Amino acid sequence: MDTVGAPERSDRFETYDCSGGCPVEAALEQISGKWKGLVIYHLLADTMRFNALARALGNVTQRSLTKQLRELEADGIVSRKVYAEVPPRVEYSLTEKGQALRPVIEALATWGQNRAL
């Protein structure tokens, strides 16, 4: 499996002429996934390395986290920086597009805290 480049994502939501709810569907497509919301939430605070993210998430497998990070990177939400060191160091941070999700993620956190579960 090629680990160098981020996979290409669907361009089906480049224009919003499909329906009134199409922008919502496009947004949810990019941030939906078992771990994506939590990855974004933890990266709001600071840049993190892969293992630190995995520890913060808890029960995620390396394969699942890698897949979710690659999709977030392909969608321009997460930035991946590789340092030429031995052993290699990789850091993840939110892009400007990812930082724009701050009010959404914070609203979800507030809603989750206030909601009677």
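Because the structure is predicted, anything quoted here is derived from the model rather than measured.
- Residues Arg80 and Val78 have side chains not in contact (no heavy-atom distance under 4.5 Å, counting atoms from C-beta outward).
- Counting non-hydrogen atoms of neighbouring residues, nucleotides and ligands closer than 6.0 angstrom, the OH atom of Tyr41 reaches no more than 12 such neighbours.
- Atom CD of Gln113 sits about 11.0 Å away from atom CG of Leu108, to the nearest 0.5 Å.
- Trp35 pairs in a side-chain contact (heavy atoms from CB on, under 4.5 Å) with only one of the listed residues (Lys67, His42, Gln68), which is Gln68.
- Nearest heavy-atom pair, Leu72 versus Ile40, reported as atom, atom and distance to 0.1 Å: CD2-CD1, 4.1 Å.
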Side chain to side chain contact (heavy atoms under 4.5 Å, CB included) for Leu69 and Leu53? Distances and angles first, verdict last.
CA-CA 10 Å; Leu69 285 166; Leu53 264 174; 4.0 Å; yes
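- No donor-acceptor pair under 3.5 Å is formed between the side chain of Ser79 and the backbone N or O of Leu94.
- Taking all atoms of both residues into account, the shortest heavy-atom contact from Leu43 to Gln99 is O-NE2, 4.4 Å.
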Assess the residue pair Phe50 and Val90 against the criterion (side chain to side chain contact (heavy atoms under 4.5 Å, CB included)); give the C-alpha distance rounded to whole Å, side-chain angles, the decisive distance to 0.1 Å, and a yes or no.
CA-CA 7 Å; Phe50 184 89; Val90 179; 5.7 Å; no
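- Counting all heavy atoms, side chain and backbone alike, Lys36 lies closest to Ser32 at CD-O, 3.1 Å.
- Here the closest heavy-atom approach between residue Ser93 and residue Thr47 is recorded as CB-OG1, 3.4 Å.
- Heavy-atom neighbours of Lys97 NZ from other residues, nucleotides or ligands within 6.0 Å: above the threshold of 12.
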Sequence neighbours left out, cut at 3.5 Å: what donor-acceptor pairs do the side chains of residues 55-66 make with other protein atoms?
unit_1: Thr61; atom_1: OG1; unit_2: Ser64; atom_2: N; d: 3.0
unit_1: Thr61; atom_1: OG1; unit_2: Ser64; atom_2: OG; d: 3.0
unit_1: Thr66; atom_1: OG1; unit_2: Gln62; atom_2: O; d: 2.8

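- Across Arg102 and Leu44, no two heavy atoms sit closer than the pair NH2-O, 3.0 Å.
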